[in-house]
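Below is one structure; the comments refer to it alone.
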Amino acid sequence: MGVIEICNSFCTIKSNTGHRFVASQIPSCSFEAIHKRVISMASTLPVEHINEGQKRLTGDSFIRPHLRNLSPYQPILPFEVLSTRLGRKPEDIIKLDANENPYGPPPEVFEALGSLKFPYVYPDPESRRLRAALAEDSGLESDYILVGCGADELIDLIMRCVLDPGDKIVDCPPTFTMYEFDAAVNGALVIKVPRKSGFSLDVERIVKVVEMEKPKCLFLTSPNNPDGSIISDEVLLKVLDLPILVVLDEAYIEFSGIESRMGWVKKHENLIVLRTFSKRAGLAGLRVGYGAFPLSIIEYLWRAKQPYNVSVAAEVSACAALQNPTYLEKVKEALVQERERLFKLLEQVPFLNPYPSYSNFILCEVTSKMDAKKLKDDLAKMGVMIRHYNNKELKGYVRVSVGKPEHTDALMECLNRLS
């Protein structure tokens with residue numbers, strides 16, 4: 001890659017190696033070095049004659065070819081859209097389809113947002129205050145931590161820094177579909193290693209794929225979305241022995257009862273660990289994620305990231321949330337307790353087969369000839385939203401987020417009406 005400079009009547013090209021090359025004189029213009037004037041000839045031909053025989057220029061001709069057939073990511077509909085479609089007020093909708101934290105953030109967050117002093121000033125490009133707070137919270141030095149506009153931004157940033165077009169990643173479906181989506185955006189190829197029955201990783205097949213296909217990245221989620229299963233230390237160490245960059249997404253780690261592997265990045269040069277404030281602290285709408293990176297990797301992400309990627313409101317809110325760990329722990333315990341109650345109740349539904357979960361959601365197989373899409377639609381008509389999947393790995397499944405006790409009660413009432 002290099003930089004092209006147009007100087008006088010010649011084109012000078014600077015390469016990254018420092019060499020300079022002079023291209024031929026540009027024929028369409030006459031440059032006068034002394035007076036710095038540009039003289040060009042205007043065409044006297046009618047426009048239709050110029051364009052005759054030429055293909056009409058369209059905007060999509062500028063788009064990179066691999067993006068023209070890209071399918072957009074399918075996000076969950078927001079309250080405002082749901083309210084209009086269902087003809088219900090937002091407060092009358094029970095939203096159990098996006099794994100959001102129904103308790104919201106600590107009160108300190110609202111206080112901090114209400115007292116913002118300098119919203120008109122650009123945010124700190126290094127998020128120093130938040131990284132310092134995260135270092136204290138996690139026990140990992142801030143030098144290893146990078147903050148993003150949600151963990152989604154960091155997933156894309158990792159791919160942009162690591163992958164060349166045509167490079168390969170390993171994906172283990174069913175899992176978070178953002179990995180496959182971002183790989184497509186970045187022109188990478190996705191090698192899918194499906195999970196075993198019960199949604200455990202097929203480690204033996206991952207090893208073979210790495211040996212044969214030489215992929216650059218392996219994306220793993222623990223607890224995994226959508227089934228809530230976790231990855232043991234033994235399994236993680238096996239894949240870390242492979243010559244591949246392992247990106248471990250811990251978006252739901254707080255609900256699992258196991259410790260984060262953020263500290264592992266100091267020992268493993270091929271491990272990245274991602275976290276988020278969306279689930280733990282109820283800040284999904286403010287988009288705050290962070291990651292732990294080996295120092296040998298984080299240096300390049302700092303160079304490539306957008307300078308003001310975390311807003312003032314987002315950083316202030318995340319810092320405020322960390323000031324009240326008691327609230328965060330209380331909410332986590334409430335959701336874990338409700339998860340166990342919800343699981344037992346779903347087991348009693350004749351057409352559902354729930355899977356044990358270490359997260360804030362429960363995946364259910366829809367049985368007894370009940371159609372999963374129809375189930376989702378019927379519940380929506382009653383004001384209860386759950387997640388349905390169109391992909392082949394999860395055909396016939398639905399996912400239910402853990403809500404407050406009253407949300408569980410309303411869901412069960414609706415399910416009993418459909419039994």
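Residue numbers start at 1 and run along the sequence shown.
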Within a radius of less than 6.0 Å around CD of E234, do more than 12 heavy atoms belonging to other residues, nucleotides or ligands occur? no
**Request:** May I ask you to check whether over 12 heavy atoms, not counting those of K332, lie within 6.0 Å of atom NZ?
**Result:** yes
Practice problem: Determine whether the side chains of N224 and T175 contain a donor N or O and an acceptor N or O closer than 3.5 Å. | Solution: yes
Exercise. Could you verify whether a donor N or O on one side chain and an acceptor N or O on the other, from N324 and T326, lie under 3.5 Å apart?
Key: no
With sequence neighbours left out, the residues meeting side-chain contact (heavy atoms from CB on, under 4.5 Å) with E315 are D124, S127, R129, L130, V310, C319
* So, N360 and N101: side-chain donor and acceptor under 3.5 Å apart, yes or no? -> no
Worksheet item: Just wondering, are more than 12 heavy atoms of other shown residues or ligands nearer than 6.0 Å to CD in E329?
Response: yes
Here the salt bridge (charged side-chain N to carboxylate O under 4.0 Å, His left out) pairs for residues 174-189, sequence neighbours left out, are E180-K192
Assess the side chains of E100 and S278: does a donor N or O sit below 3.5 Å from an acceptor N or O? no
(message) If we count only N and O atoms by modelled type, under 3.5 Å, do the side chains of R275 and S260 hold a donor and an acceptor together?
(response) yes
Sorted by chain and number, sequence neighbours left out, side chain to side chain donor-acceptor pair (under 3.5 Å) with R387 holds for none
* Asked: Looking at D97 and K95, does any basic side-chain N land under 4.0 Å from a carboxylate oxygen?
  -> yes
The complete set of salt bridge (charged side-chain N to carboxylate O under 4.0 Å, His left out) pairs with one or both residues in residues 357-373, sequence neighbours excluded, reads K373-D377
For N225, the side-chain contact (heavy atoms from CB on, under 4.5 Å) test, sequence neighbours excluded, returns N99, F176, Y252, F361, Y389, R399
Sorted by chain and number, sequence neighbours left out, salt bridge (charged side-chain N to carboxylate O under 4.0 Å, His left out) with D137 holds for R280
